[in-house]
Amino acid sequence: MIKFENIGLRYGVGPEVLNDVHFTLEPGSFHFLSGPSGAGKTSLMRLLYLGIRPTRGQISMFGQNVNDLDRHAMSHIRQKIGVVFQDFRLLQHLSTFDNVALPLRISGLKEKLIRKNVEELLDWVGLGDQMKRLPNTLSGGQQQRIAIARAVITKPRLLLADEPTGNLDDEIGFKLLGMFEQLNKGGTTIVIATHNELLMEKFRHPTLVLDQGELHIAPSRTGPLKKFLDGVF
Amino acid sequence: MRKLFFLLKRSRTLGVSDTHTYDIPLDKGSGHLFLISLIGLMVFLAFLSVSAAIILSQFSRQWQTGLEGHWTIELPAVDSKGNLIPRDKLEQKAEKITESLKSFKPLRDVKILPQEEIIKLLEPWFQVQNATGDALDLPFPLLISLTTDSAPPSLATELQTQITRIMPEARLDTHEEWLRQLLKLTGTLHLTAFLFTVVICSAGVVALAGAMQSRMAEHKDNIELLHLIGAEDSYITRQFQRHAIIMALQGAAAGLSAAAIFLYGLRLYLHGQSDLLLPVFEMNALFWLKLSLIPFLTILLCGLTTRFTVLRTLHRML
């Protein structure tokens, strides 16, 4: 379970980017995170993948209070989180294979098993024949698939994706969401930050809506709350 | 050793993993060659400094063993009033002293040095070769060489008393004072060499720490990414450490080669300079064994400096 209690966040002496954010993500849940530009989506994602610490409030993840964790324990929690960054953040000097293998190497898996797992996953995302290629020799869509493969290779307990369909056409975007749903069925908690209305309409999952630093939760993009959410955008 | 092997092992054995040397591209970039050159230069200077210390030890040992048990009696060619003593009279005195010393048991050998030998000993000071006493036209003293087996502490005093009885101007030289000064000098030079090595090492440590910090700043995004994927500080540190050790190996090899060439050249040069009053230094197995500690120490120092610097900087990061 992931729990945010009265989270406030500000950068330096600036205004609060997130204000009293309070929510709980049950294990195996699937949420979209939406909101207008500048609403604080990326900041919330950064808090979720432990890239920053909140200014105030308490975050607990997988039964541990994140505020009290030392560096060693923090690394262990991060190993349970898969992240697809908006700009992919691939290591440009490493091949497709090595980029995807990275989380497994960090977790100390044997090379033989790494090879087996990575090859299987790259086949699954359709990059089985691109294993030796460097990221900058691949298209944006292919790079995105590497980023996704890297995020899911360890079968994380929490998967965070920041605009994962941004570079993809709708058809591939839907396929990708289908892939995330498969993972979700396996018990992975998923949070996807997106602006894609169509995607949220098609895949009916609860949405965390951020507006001016405050969070509202809508059960799905259909039903009685649709009007409220439409009003936000 | 196993740890070192692990650190150096590259994950290139699987075919598909052709690019995986470091997760952070440490071996790519302009500073890489500079750092290897810097380590090479430090190793070269450390080699010279340590070699100098070893060679000085050899020299002082050779001087000590050369003089141990060898004393000299000097019969000056002029008396206390500055008048020249005739050569035949000087020779008679020398004969008399030699005869009188034969009764001293600890003396193994007593002999008057021929004039040619004395001139030969003095040649380096006169910068003249194959000279004769006449040609130099100088009042040479007469020297009596004594060899002792194990001299009791009182022997020198007893000998001096005996010599003075025959010729008051004659003086026994046990070389103690000269040797003491020489050992003091070599001791000072040893200390200087040691301090010089410490300064070199300190400069190397500071330069390497600075270079590692700038590398970390250069690759801040990649380091942050590794942290976010779950890498512990030790995982990231190992990458920097492996990089530093490989650079230290390359630098040490370059420094060692340059120093070896320099030392062989110096030895050849000194061999050809017989008038330098310096004994020839030995570059035997022990000499190289002592020097071979430098690459190991360099690797150790580079590894520890990098580890300490990277861990400290990571603690200030995310």
Side-chain angles (χ1 to χ4, degrees), chain A residues 45-46 48-53 70-83 85 87-108 110-116 118-119 122 128-135 147 150-151 153-154 156 160, chain B residues 2-3 5-32 215-216 218-243 246 307-308 310-318:
Chain A
M45 290 298 264
R46 287 177 77 189
L48 276 165
Y49 61 69
L50 307 180
I52 46 171
R53 286 176 190 265
D70 60 17
R71 295 179 70 80
H72 176 73
M74 193 80 108
S75 301
H76 270 266
I77 296 242
R78 285 188 185 126
Q79 283 180 13
K80 294 174 187 168
I81 304 170
V83 189
F85 298 96
D87 55 355
F88 319 140
R89 295 188 73 168
L90 298 174
L91 293 168
Q92 297 299 330
H93 69 291
L94 295 185
S95 66
T96 302
F97 179 94
D98 288 324
N99 264 290
V100 178
L102 195 55
L104 297 179
R105 289 203 171 111
I106 286 170
S107 63
K110 289 208 161 82
E111 280 294 328
K112 206 174 172 182
L113 283 172
I114 291 175
R115 185 181 182 178
K116 184 175 167 286
V118 174
E119 283 180 353
L122 283 175
D129 55 347
Q130 310 286 346
M131 282 197 274
K132 286 186 175 182
R133 298 274 297 272
L134 292 175
R150 185 181 66 189
I153 187 78
T154 52
L160 305 166
Chain B
R2 274 183 69 187
K3 199 170 177 186
F5 179 73
F6 172 76
L7 281 169
L8 297 175
K9 201 173 96 177
R10 294 177 177 205
S11 318
R12 283 185 162 171
T13 50
L14 293 172
V16 281
S17 185
D18 284 344
T19 58
H20 189 255
T21 307
Y22 300 102
D23 295 337
I24 304 161
L26 296 170
D27 51 348
K28 296 170 177 71
S30 54
H32 186 63
R215 276 291 163 87
M216 289 183 80
E218 188 185 339
H219 298 293
K220 191 170 177 283
D221 285 351
N222 291 340
I223 292 170
E224 191 190 65
L225 176 73
L226 291 179
H227 266 143
L228 294 178
I229 291 175
E232 290 197 40
D233 289 349
S234 56
Y235 179 89
I236 298 167
T237 306
R238 272 203 299 276
Q239 304 231 344
F240 278 91
Q241 224 177 330
R242 186 177 69 182
H243 174 60
I246 290 170
R307 185 178 173 74
F308 180 74
V310 174
L311 277 176
R312 214 174 59 134
T313 314
L314 285 177
H315 270 271
R316 290 200 295 257
M317 290 173 83
L318 188 66

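Naming: A, B, ... by sequence-line order, numbering from 1 per chain. Everything numeric in this text was worked out from a predicted model, so none of it was measured.
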B:His227 and B:Asp233 side chains, donor-acceptor separation under 3.5 Å
yes
Is chain A contacted by the side chain of B:Leu226, its backbone, both, or neither, given a heavy-atom distance below 4.5 Å?
both
Segment of A:Arg150 engaging chain B (4.5 angstrom heavy-atom cut-off)
side chain
Counting heavy-atom pairs closer than 4.5 Å to chain B, which one of A:Thr154, A:Val83, A:Ile106, A:Ile81 comes out on top?
A:Ile106
Where is the tightest heavy-atom contact between A:Arg89 and B:Leu225, given as atom of each residue plus distance?
O-CD2, 3.2 Å
How many angstroms lie between atom CG of B:Leu26 and atom CD of B:Gln241, to the nearest 0.5 angstrom?
12.0 Å
Applying salt bridge (Lys or Arg N to Asp or Glu O under 4.0 Å) to B:Lys220 and not counting sequence neighbours gives none
